[in-house]
Amino acid sequence: MYWVKISCILCMFGCFKDFRPSESFVTDYLTGWKNFTASEVNHEIYPVTTYSYLSTLIIMFLITDFIRYKPIIILCGLSGIISFLLIILGKIVLVLQIAKFFFGLFMSAEVAYYTYIYAKVDKKHYQEVTSHTKAASLFGRSMSGIIAQLTASFDLLNYHQLNYLTLSSISIATVWSFFLPRVGQSIYFHRVSASDDEENNAAAVQQTIDQSGQPSNPRISSCDKNDKTQSDTLLHKIRNAYALLWKHFVLAYTNYRVIKWSAWWSLSTCGYLLVATYSQLLWQTAVKPGDRIYNGAVDFAYAIVGAMSVFSVGKLRLNWALLGDIICSLFAFLEGCILLTSSYSYNIWFLYTGYIIFGVIYHTMVTVASFEVAKCISEDSHGLIFGVNIFFALVMQSLLTLIVVNTLMLDIRQQFRVYSGYFMILAAIYIVLGIFNILRYRNITQRRTR
């Protein structure tokens with residue numbers, strides 16, 4: 001089966017892309033081997049990834065569909081190679097900042113990896129291939145963590161040498177990406193066929209956004225004998241694509257359920273990215289000189305438990321429309337408590353355990369958010385909504401990074417107290433939404449029984 005072949009090739013790329021054992025000890029590598037101070041890493045090096053990810057994501061998303069995915073997937077691999085080469089060779093803050101810029105580009109280019117399947121595989125296989133790619137990514141992360149831990153614990157490789165392992169894996173992923181079949185059609189810019197209703201809707205949207213206020217007659221009159229010639233023009237493709245993009249955006253974000261679950265998706269992702277970025281700096285403050293570090297084992301446990309949790313929640317039958325807000329609130333409160341306690345704790349095992357629980361909660365609930373959103377949107381707009389939600393998450397992350405890290409210059413434990421407050425506020429918002437939702441459901445039920 002052709003779609004299975006595509007899935008296997010894509011999964012191999014994802015597995016090698018996410019096999020990055022050096023990341024389990026990156027903070028210790030920068031502050032130990034490279035001799036940067038914890039303050040330089042916290043306030044000058046790590047924030048660059050956040051800003052780079054934000055600034056390049058929207059560009060990546062807009063051009064990915066236009067140039068048909070594969071070149072961006074290759075760019076993803078190349079930017080990863082450049083990033084880790086600079087990490088290996090860099091000795092000053094500026095070089096590491098450039099490395100982190102390319103790592104942000106690497107992360108933003110991943111949008112092509114996650115949306116390639118929607119353009120290349122038939123709609124009936126979307127769910128299967130999506131689960132395959134996510135499983136491949138988690139498998140790569142879990143193997144990365146356990147190999148990092150074993151090689152470090154048994155002194156087989158030092159932190160510097162782990163970077164060569166990461167570089168080799170990303171290089172293999174990049175070479176492998178050349179074997180991906182080219183995409184002949186794409187969702188927006190290179191559509192081979194579309195239903196009459198979709199074409200007319202896209203035309204209507206295009207007419208409403210036409211700055212001149214004049215009807216776009218050639219676009220609407222699809223039977224016109226000159227339409228075939230016009231459809232081959234680049235300008236026509238761009239106008240048609242953005243009309244359809246806007247249509248999908250409006251249809252999605254005028255739906256209350258999509259807005260609610262997308263808000264959870266974006267806000268929780270923002271908090272998760274902040275915690276994931278700075279956790280190793282927090283762990284450093286709790287590790288005593290001479291103690292063995294188990295960051296790799298933590299990454300392994302986190303990926304494996306997260307994978308099992310994500311798989312299980314897909315089988316769980318719950319009325320998420322009724323109970324989703326309350327569950328989101330409870331989990332956000334738990335995450336806030338974990339972060340608050342972690343900000344005061346110097347027990348490394350508590351910090352490790354808290355991080356694993358925090359990560360599992362995030363991946364479980366963002367999976368719920370993704371399939372709840374998917375129920376309410378067009379199949380063709382999955383990639384668009386994914387990109388928009390991540391973009392909003394990065395806007396929030398960049399804003400908090402700018403205030404907390406670069407303006408207030410809080411130390412790592414103070415930062416985690418702020419992140420704890422962030423999740424407490426999120427919990428308060430969703431408990432209010434949950435109460436209103438339950439009261440509304442009860443009123444509707446009472447009216448039906450009368």
Side-chain angles (χ1 to χ4, degrees), residues 18 20-29 31 38 41-42 46 137-154 159 268-313 316 327-368 411-424 426-427:
D18 283 308
R20 305 192 295 267
S22 59
E23 287 197 341
S24 295
F25 301 99
V26 63
T27 301
D28 295 279
Y29 172 67
T31 57
V41 173
N42 189 4
Y46 281 172
S137 176
L138 283 169
F139 179 77
R141 290 185 187 184
S142 63
M143 290 300 99
S144 169
I146 195 63
I147 289 176
Q149 189 61 55
L150 290 174
T151 54
S153 295
F154 291 100
Y159 296 159
S268 62
T269 297
C270 163
Y272 166 77
L273 291 173
L274 287 165
V275 171
T277 300
Y278 296 100
S279 279
Q280 290 187 27
L281 282 165
L282 180 67
W283 299 345
Q284 271 193 342
T285 64
V287 175
K288 299 174 183 177
D291 283 356
R292 190 172 293 279
I293 299 172
Y294 291 95
N295 297 5
V298 171
D299 288 337
F300 171 74
Y302 153 72
I304 290 296
V305 177
M308 291 189 295
S309 176
V310 166
F311 178 81
S312 299
V313 79
L316 188 64
I327 294 172
C328 285
S329 175
L330 292 174
F331 277 132
F333 180 75
L334 177 57
E335 287 176 308
C337 290
I338 290 171
L339 296 180
L340 182 62
T341 310
S342 296
S343 71
Y344 288 102
S345 176
Y346 285 86
N347 185 318
I348 189 61
W349 294 106
F350 176 85
L351 298 182
Y352 282 158
T353 305
Y355 178 77
I356 293 171
I357 295 172
F358 178 91
V360 169
I361 290 173
Y362 164 74
H363 282 293
T364 302
M365 292 310 298
V366 86
T367 300
V368 174
D411 65 39
I412 191 63
R413 291 188 174 272
Q414 291 171 327
Q415 286 175 221
F416 269 70
R417 286 167 204 149
V418 173
Y419 305 152
S420 169
Y422 173 86
F423 277 96
M424 293 296 187
L426 190 59

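Any value given below was found using the heavy atoms of this structure, including those in side chains, with hydrogens, waters and symmetry copies removed. All residue numbers refer to positions in the sequence shown, counting from 1.
Using the six-membered ring where Trp is involved, Y159 and F25 have ring planes that are parallel, under 30° apart on the 30 and 60° scheme. The aromatic rings of Y355 and Y302 lie tilted to each other, with the angle between the two planes from 30° to 60°.
Put simply, the side chain of S345 never gets that close to the backbone of T341: no donor and acceptor are under 3.5 Å apart. Formation of a donor-acceptor pair under 3.5 Å by the T364 side chain with backbone atoms of V310 is not found in this model. Remark: side-chain polar atoms of R413 are paired, donor with acceptor, to backbone N or O of S342 under 3.5 angstrom. Proximity of a side-chain donor or acceptor of S279 to a complementary backbone N or O of V275 within less than 3.5 Å is detected. T285 places a side-chain N or O within donor-acceptor distance of the main-chain N or O of L282, the cut-off being under 3.5 Å.
Here the shortest heavy-atom pairing between M365 and C328 reads CE-SG, 3.6 Å. Across S153 and R292, no two heavy atoms sit closer than the pair O-NH1, 2.9 Å. Counting all heavy atoms, side chain and backbone alike, S329 lies closest to A427 at OG-O, 2.8 Å.
For the atom pair OH of Y278 and CG of L273, the computed distance is 11.0 Å after rounding to the nearest 0.5 Å. Atom OG of S24 sits about 14.5 Å away from atom OH of Y294, to the nearest 0.5 Å. Put simply, CD1 on I147 and CG on D299 are 13.0 Å apart, with the number rounded to the nearest 0.5 Å. I146 CD1 to I304 CD1: the interatomic distance, rounded to the nearest 0.5 Å, is 9.0 Å. In this structure, CE on M143 lies 15.5 Å from CZ on R20, to the nearest 0.5 angstrom.
L334 is listed as a side-chain neighbour of I361, based on a closest heavy-atom distance under 4.5 Å. Using a 4.5 Å heavy-atom threshold, the side chains of V368 and I327 count as separate. Side-chain contact between F300 and Q149: absent, with no pair of heavy atoms (C-beta onward) separated by less than 4.5 Å. Within the 4.5 Å cutoff, the side chain of S309 has no heavy atoms near those of the H363 side chain. Taking 4.5 Å as the limit, some side-chain heavy atom of Y422 sits within range of a side-chain heavy atom of C270. Between V366 and Y272, every side-chain heavy-atom pair lies at or beyond the 4.5 Å cut-off. Under the 4.5 Å side-chain criterion, counting only non-hydrogen atoms from C-beta, L281 is not in contact with Q415. In this structure, the side chains of Y29 and Q280 stay at 4.5 Å or more apart for every pair of heavy atoms.
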Q284 vs T31, test: side-chain hydrogen bond (donor to acceptor under 3.5 Å, both in side chains). Steps then yes/no. CA-CA 10 Å; Q284 271 193 342; T31 57; 2.7 Å; yes

Given the rule in the side-chain contact (heavy atoms from CB on, under 4.5 Å) test, do I357 and I338 qualify, once you have shown the distances and angles that lead to the verdict? CA-CA 9 Å; I357 295 172; I338 290 171; 3.6 Å; yes

Using the side-chain contact (heavy atoms from CB on, under 4.5 Å) rule, take V287 and D28 through it: C-alpha gap first, then chi angles, then the decisive distance, then the call. CA-CA 11 Å; V287 175; D28 295 279; over 6 Å; no

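The aromatic ring centroids of F358 and F423 lie less than 6.0 Å from each other.
Residue Y46 qualifies as enclosed at atom OH: its count of foreign heavy atoms under 6.0 Å is above 12.
When each of S144, S137, S142 is checked for a side chain to side chain donor-acceptor pair (under 3.5 Å) with D18, only S137 meets the rule.
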